Amino acid sequence: MARYQDYPLSIYNSYNREKEIFTPLHEGHVGMYVCGPTVYSNVHLGNVRTFLTFDVLYRYLIHLGYKVRYVRNITDVGHLVDDVDEGEDKIAKKARLDNLEPMEVVQMYTNDFHNTLALFNFLSPSIEPTATGHIIEQIQMIEQILNNGFAYEVNGSVYFDVPKYQEAKGNYGQLSGRVLEDLISNTRELDGQDEKRSPLDFAIWKNADERHIMKWPSSWGIGFPGWHLECSAMSTKYLGKEFDIHGGGMDLKFPHHECEIAQSVAADGVAPVHYWMHSNMLTVNGQKMSKSLGNSFSPSELMTGNHHLLKKGYSPMTVRFFMLQSHYSSTLDFSNDALDAAEKGFRRLNNARKSLAKLSYLSGPMDEALNKEIQSSLNSAYLNLSDDLNTAKAIANLFDLATRINSMAGGKLKPGALSEGTFNRLKQEYEQIINDILGLRLEESDESGMMDGLMHLLIDIRQQARKNKDFATSDQIRDTLSALGVQLKDGPEGTSYSIE
RNA sequence: GGUCGGAUGGCCGAGUGGCUAGGCACGGGUCUGCAAAACCCUUUACACCGGUUCGAAUCCGGUUCCGACCUCCA
């Protein structure tokens, strides 16, 4: 029996605004699409948070026993800097400024994106399609939409006819909670919109002038596809007309995801996504982290602490842990105090985890209550993860277990107080939850080999000194190591060490 | 302006009607040659005003403040 039957997953579906039991289209299989980055600049920590949410979801789905196809695109068509016809495309602009080929820009920032995700221990998606690699699919989709009468061509551009779509299907605005009349009355007056029949219409193919670098031939002339279209085309290609989960940042809900739904319905007649998931924003002093506000950190600034808003640097795993301590649907505020607290908490969790790995079972007098408590904490961790991916609550369960593990490591509790089955389950699942599901790997640089030998030598010398009551020597060893970032811990079983 | 969401203790952050969230910090204790780590105990809450209810942080109404989206944005 697969784990997903023991711990059925529920997901808050943004489309209905309700938490629902997750039932995939095809038993045992999950198709999941997440909107990836536009590769015209370095990713920042806010971007990382969104991808983290879906990395953990992906890991958890796999752990539950699903076979998952995870598609996350790379947007490498530039799209416009603003919504004006004359607007330059973002990648072309960057290329011009840096005197590069557009594809050099794309490659550079795609590499940066991959490096960053690797740093934070993200799993690779099953398929990572690029928009430029799927121009044909996008053109085909535009043709379908045109054939079905939900788009019109003007001067080599094709626009999606929102009012007409609304009349026929009536669901535009459902996802984002917009009302068409409100949208119309609030539309800003922008230049170059005279081609559109309604200000709500959006381009699915855009005519390109000579200045445009990234452009392709089509039956409507030379141009490039609209931004919203690539996700519809690529999700359809790899996951089908209907698929299970679509994720992305909250800020993509409107217009991007709303338009995706409209395009798919207009082309194929069915709503594409069964469960919409939106990850909330990372904030700094209460404001969304974004490049334009100048309050974003790059991963390297974060690690070195080399940023005016940071007091010191933090490791990627510390940040990952920090983010997982909140729920993905809440905004999370980024501050030095919060990071400091997370760093210490994470160290505590890791210490417990390492202690547990070293413990072995010795039968002894059973403690039924404790045995039950451990089982129930492990069950809770899974139930919380299955409850709309509540990593915050699952981590609280892990800390409860950390207290018991530490008691065992300190000799206050004996492993024999647990049944052998419980002990083995704890040992296996504790590490699984932290490492496989939450993706929190140990970061110690070098705790083996020569380093370990040297440490044991020092510990032995210090032990000898302590025996001789030569505390000057023993303290010198401990304090010098401490200054180097190595912590000695005297316990009943002898001295151990950990590296900060 | 429109739409949506938020306001929890010193800090971060879960929690949707009654049952200790958790982490960090603070205080006390145990252990230790001293420390650190660990363990035990302990303190500080639900923006404001009304209402519903036997009972509300949680539901309803109002007020204030904050944010997101409405234009590219994870």
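Because the structure is a prediction, the values reported are computed rather than measured.
- For the residue pair A:Ser10 / A:Asp388, no side-chain donor-acceptor distance below 3.5 Å is found, with atom types taken as modelled.
- Using Watson-Crick or G-U wobble geometry with both donor-acceptor distances under 3.5 Å, B:rG61 finds its partner in B:rC49.
- Only the C1' atoms considered, B:rC26 is 10 Å distant from B:rU44, to the nearest whole Å.
- Within the 4.0 angstrom heavy-atom criterion, base atoms lie near A:Leu282.
- Ring geometry for A:His257 versus A:His246: interplanar angle over 60°, hence perpendicular rather than tilted (30 to 60°).
- Within 4.0 Å of A:Met250, counting heavy atoms only, lies no atom of the nucleic acid at all.
- For the pair A:Phe54 and A:Met32, the tightest heavy-atom approach, listed with the atom from each and the gap, is O-CE, 3.4 Å.
- B:rU3 and B:rC12 are spaced 30 Å apart, taking the C1' atom of each and rounding to whole Å.
- Comparing B:rU52 with B:rC40, their P atoms sit 45 Å apart, to the nearest whole Å.
- A gap of 41 Å separates the P atoms of B:rA38 and B:rG5, to the nearest Å.
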_I'd like to compare against my own output: the B/S/- annotation of nucleotides 31-41 of chain B with a strict under-4.0 Å heavy-atom distance to protein._
--BBBBSSSS-
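- A salt bridge between A:Arg462 and A:Asp490 is present, with a side-chain N of the basic residue lying under 4.0 Å from a carboxylate O of the acidic one.
- Across all strands shown, B:rG67 forms a Watson-Crick or G-U wobble pair, both distances under 3.5 Å, with B:rC4.
- The distance from the CG atom of A:Leu339 to the CZ atom of A:Phe321 is 11.5 Å, given to the nearest 0.5 Å.
- Going from atom NZ of A:Lys344 over to atom C1' of B:rA25 covers 7 Å, rounded to whole Å.
- The NZ atom of A:Lys94 sits 4.5 Å away from atom CG of A:Asp98, with the distance rounded to the nearest 0.5 Å.
- In this structure, B:rG10 forms a base pair with B:rC24, meeting either the Watson-Crick or the G-U wobble geometry with both donor-acceptor distances under 3.5 Å.
- The nearest whole Å value for the distance from the NZ atom in A:Lys288 to the C1' atom in B:rG6 is 16 Å.
- Salt bridge A:Glu258/A:Arg178: absent, no basic N to carboxylate O contact under 4.0 Å.
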*Would A:Arg404 and A:Asp400 count as a salt bridge (charged side-chain N to carboxylate O under 4.0 Å, His left out) if you check the C-alpha gap in whole Å, the side-chain angles of each, and the deciding distance to 0.1 Å?*
CA-CA 7 Å; A:Arg404 299 307 185 191; A:Asp400 291 339; over 6 Å; no
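- As rounded to whole Å, 13 Å separates atom P of B:rU71 from atom CD of A:Glu258.
- Under the 6.0 Å distance and 45° angle rule, A:Arg320 counts as a cation-pi partner of A:Phe122.
- Comparing B:rC59 with B:rU42, their C1' atoms are spaced 34 Å from each other, to the whole Å.
- For the P atom pair drawn from B:rU8 and B:rA57, the interatomic distance equals 15 Å after rounding to whole Å.
- If you measure from atom CG of A:Asn73 to atom P of B:rA74, you get 10 Å, rounded to the nearest angstrom.
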_Protein proximity profile, nucleotides 10-15 of chain B - base contact B, sugar-phosphate-only contact S, no contact -, cut-off 4.0 Å on heavy atoms_ = -SSSSS
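- We find that CG of A:Leu200 is positioned 14 Å from P of B:rC70, with the value rounded to whole Å.
- Using a 4.0 Å heavy-atom criterion, one finds that A:Gly177 contacts the sugar-phosphate atoms exclusively.
- Atom NE2 in A:His228 sits roughly 13 Å away from atom P in B:rA74 (whole-Å rounding).
- One interatomic measurement links the two molecules: CD of A:Glu373 to C1' of B:rU20, which rounds to 13 Å at whole-angstrom precision.
- Summarising the geometry, the separation between CG on A:Asn397 and P on B:rG22 is reported as 10 Å, rounded to the nearest angstrom.
- Comparing the same atom, C1', in B:rG28 and in B:rU43 gives a spacing of 11 Å after rounding to whole Å.
- Pairing for B:rC39 goes to B:rG29, judged as Watson-Crick or G-U wobble with the two contacts each under 3.5 Å.
- For the C1' atoms, the distance from B:rA45 to B:rC11 is 13 Å, rounded to whole Å.
- Closest of all the heavy-atom pairs between A:Arg466 and A:Phe471 is O-CE2, 4.1 Å.
- Proximity of a side-chain donor or acceptor of A:Asp337 to a complementary backbone N or O of A:Asp340 within less than 3.5 Å is not detected.
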